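The next block holds one structure in the form of structure tokens; read it before the comments.
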Amino acid sequence: MNRRVYINANDFKEQNNAIPTPLPFSDSTEILAESVEIENKTVPNRLCCQAMEGCDGAYDGSPDELTYRRYRRLAEGGAGLIWFEATACREDGRANPRQLWINEKNADAFKRIVEEIKERALKANGYEPLIIMQNTHSGRYSKPHGTPEPLIAYNNPLFEKDTPIDEGRIVTDDELDRIGEALVAASVLAEKVGFDGVDIKCCHRYLNSELLSAYERKGRYGGSLENRTRLLRESIRGAIDSRRGDFIVSSRLNVYDGFPYPYGFGVATDGSLDPDLTEPKLLLSELERLGVKLLNITMGNPYVNPHVNRPFAKGGYDPEEHPLVGVSRMLHGTAELKKAAPSIKIISSGLSYLGVAAPNVTAAFIADGGFDLCGFGRTVFAYPDFAKDILKEGGLKKDKICLCCSKCTEIMRSGSTPGCVIRDPLYGQIYKEMRSK
């Protein structure tokens with residue numbers, strides 16, 4: 001089977017029929033134009049821009065020139081929901097020196113960018129999108145000053161191999177309490193500056209996500225499922241209790257890590273990499289009980305097994321499974337969780353590899369009750385007006401889709417500002433300059 005993004009539906013259908021669990025396909029995508037009610041807010045359509053970090057903020061954590069450029073394009077692109085990128089709750093939780101970081105000193109800067117997104121969207125499309133701020137502490141991947149300063153939940157030999165991180169970098173229970181307080185404080189600020197909601201980030205092996213697999217950690221944040229989910233649950237509860245209005249409290253949640261037990265969440269305990277969604281379902285039930293109405297589902301780790309997280313046509317290695325198998329695992333797994341927590345609106349992930357077939361596949365899942373909104377990640381770098389073309393042109397254009405070539409990731413790993421090298425001349429030049437060094 002070829003590993004190419006699909007530029008026509010027939011190629012997709014042919015390869016889809018060859019994988020163990022095929023994806024559904026709908027000839028009609030009209031359902032994607034429907035609005036969705038969350039709390040007392042309305043998402044104008046079912047299309048979502050996922051949180052894609054630009055690493056281009058100012059050093060004080062405020063949005064900078066390139067940040068504004070990206071969100072202006074997304075605002076005009078027509079998506080009903082913009083999942084605003086990873087924004088640190090504390091300086092020591094920044095993944096790079098230019099990661100956004102919301103605090104009392106720069107709150108007005110975030111207020112300005114939220115207002116501009118909504119104003120531009122209303123002028124371009126006739127409606128305002130909902131904007132959810134991703135609220136994070138990077139934990140293991142913290143590099144606030146440009147060099148690694150990890151705060152880890154536990155030592156992980158799968159990641160650290162022969163160079164284990166000093167045990168002094170294992171964050172204490174008391175410090176986790178304070179990080180939880182910082183997550184709640186950042187959520188309060190997010191509501192104050194005008195975001196429609198907040199995502200207590202729990203994915204991709206950042207701190208909250210790593211705690212989900214802290215089976216062998218001692219103390220209040222390790223061992224039992226109750227302990228391993230404590231930071232997430234208490235941060236969400238604190239954010240809900242602190243909100244003043246109909247502010248949405250959500251999470252982008254890893255439900256399958258793709259690493260063997262005891263280092264992976266949502267995985268079988270027999271040493272295999274088979275998904276086991278028993279604990280994720282229990283977690284969703286608890287979040288449902290807390291009053292969570294929206295979740296954004298994802299899998300894998302972009303640093304270690306990115307083929308699980310974002311199946312690619314070309315990347316740093318050649319995975320054993322075909323990318324369609326990974327997309328199928330992501331979407332069918334998301335649909336299984338939706339059945340377990342039907343009152344929660346669910347956003348899917350992992351769609352970019354499907355190319356022009358993505359709207360048809362997601363429309364089929366949504367029509368069958370598999371999830372409620374479809375989230376596009378890398379696509380928003382390459383194709384910021386993807387939603388407008390789906391809604392007004394009947395589909396995605398083959399000469400605009402993301403090719404899943406991993407060059408945006410390559411830029412990010414180099415320490416620069418990621419964007420689409422193929423479709424956006426600005427980032428083509430950034431990539432060229434990076435490669436010449």
Side-chain angles (χ1 to χ4, degrees), residues 88-95 135-144 148-161 163-187 199-242 249 251-269 271 276-287 289-290 292 301 303-304:
C89 66
R90 301 195 329 185
E91 185 176 17
D92 66 359
R94 298 174 82 182
N135 181 5
T136 188
H137 189 292
S138 297
R140 175 175 292 273
Y141 299 114
S142 293
K143 294 173 64 175
E149 298 179 43
L151 288 172
I152 60 175
Y154 62 91
N155 283 115
N156 187 332
L158 295 182
F159 297 177
E160 299 163 27
K161 302 186 187 305
T163 55
I165 293 172
D166 188 293
E167 291 185 0
R169 304 301 299 180
I170 297 176
V171 63
T172 66
D173 285 2
D174 288 346
E175 190 60 25
L176 284 170
D177 291 343
R178 288 189 283 272
I179 289 171
E181 292 168 359
L183 288 165
V184 174
S187 298
D199 153 22
I200 306 294
K201 186 177 183 179
C202 189
C203 64
H204 304 162
R205 279 304 170 118
Y206 297 102
L207 184 57
N208 232 322
S209 174
E210 183 166 71
L211 282 164
L212 296 182
S213 60
Y215 300 97
E216 297 180 347
R217 180 188 168 104
K218 306 298 183 183
R220 291 181 288 112
Y221 287 93
S224 68
L225 181 63
E226 179 183 7
N227 285 352
R228 287 181 280 118
T229 61
R230 186 180 303 279
L231 180 62
L232 175 64
R233 291 183 295 101
E234 294 190 352
S235 300
I236 285 176
R237 182 186 292 112
I240 289 174
D241 290 346
S242 301
V249 178
S251 182
R252 182 145 160 80
L253 181 65
N254 248 61
V255 295
Y256 169 73
D257 289 340
F259 303 114
Y261 180 87
Y263 304 111
F265 180 65
V267 69
T269 58
D276 181 344
L277 299 182
T278 302
E279 285 198 336
K281 289 177 182 177
L282 291 171
L283 176 55
L284 259 67
S285 294
E286 179 61 17
L287 297 180
R289 188 189 68 78
L290 289 174
V292 172
N301 180 329
Y303 299 97
V304 181

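From a predicted model like this one, the values you see are computed outputs, not experimental measurements.
For the pair Thr229 and Leu282, the minimum side-chain heavy-atom distance is 4.5 Å or more. Here the side chains of Tyr303 and His204 are not in contact, with every heavy-atom distance at 4.5 Å or above. Using a 4.5 Å cut-off on side-chain heavy atoms (C-beta onward), Leu290 and Val249 make no contact. Between Phe265 and Tyr215, the closest side-chain pair of non-hydrogen atoms falls below 4.5 Å. Counting heavy atoms from C-beta outward, Leu284 and Leu253 have side chains that approach closer than 4.5 Å. The side-chain heavy atoms of Asp174 and Arg220, taken from C-beta on, include a pair separated by under 4.5 Å. At least one side-chain heavy atom of Leu158 sits under 4.5 Å from a side-chain heavy atom of Pro260.
Qualifying salt bridge (charged side-chain N to carboxylate O under 4.0 Å, His left out) partners for Glu175, counting only residues two or more places apart in sequence or in other chains: Arg90, Arg178.
Between the side chain of Arg94 and the backbone N or O of Ala88, no donor-acceptor pair lies under 3.5 Å. A donor-acceptor pair under 3.5 Å is absent between the side-chain atoms of Ser251 and the main chain of Lys201, judged by distance alone. Under the 3.5 Å distance criterion, the side-chain polar atoms of Asn155 are matched with a main-chain donor or acceptor of Ile165. Of the possible polar contacts, none joining the Ser242 side chain to the Ala239 backbone as a donor-acceptor pair under 3.5 Å is found.
Side-chain polar atoms of Thr278 and Asp276 form a donor-acceptor pair below 3.5 angstrom. A donor-acceptor pair shorter than 3.5 Å cannot be found between the side chains of Tyr206 and Asn254.
In this pair, Phe259 and Phe159 present their aromatic rings perpendicular. The plane angle is above 60°, beyond the 30 to 60° band.
Glu210 CD to Leu231 CG: the interatomic distance, rounded to the nearest 0.5 Å, is 12.0 Å. In this structure, CG on Asp92 lies 15.5 Å from NZ on Lys143, to the nearest 0.5 angstrom. Summarising the geometry, atom CD belonging to Glu234 is positioned 12.5 Å from atom CD1 belonging to Ile200; distances are rounded to the nearest 0.5 Å. Here the CD1 atom belonging to Ile236 is positioned 9.0 Å from the OG atom belonging to Ser187, to the nearest 0.5 angstrom. Interatomic distance, SG of Cys89 versus CD of Glu181, reported as 11.0 Å (0.5 Å rounding). Atom CZ of Arg237 and atom CG of Leu232 lie 10.5 Å apart (nearest 0.5 Å).
Smallest separation of non-hydrogen atoms from Leu151 and Leu207: O-CD1, 4.0 Å. Across all non-hydrogen atoms, the minimal contact from Pro262 to Glu216 is CG-OE2, 3.5 Å. Across Asn227 and Gly222, no two heavy atoms sit closer than the pair ND2-O, 3.0 Å. Ala153 approaches Ile170 most closely through the heavy-atom pair O-CG2, 3.6 Å. Here the closest non-hydrogen pair linking Ser235 and Leu183 is OG-CD1, 3.5 Å. Of all heavy-atom pairs between Ala214 and Tyr221, the closest is CB-O, 4.0 Å.
Checking Leu212, Ile152, Asp257 one by one against Arg205, the side-chain contact (heavy atoms from CB on, under 4.5 Å) holds for a single residue, Asp257.
The pair Arg217-Asp173 meets the salt-bridge criterion, with a side-chain N (NZ, NE, NH1 or NH2) lying under 4.0 Å from an Asp/Glu carboxylate O. Arg140 and Glu160 are joined by a salt bridge, as a carboxylate oxygen and a charged side-chain nitrogen come within less than 4.0 angstrom of each other.
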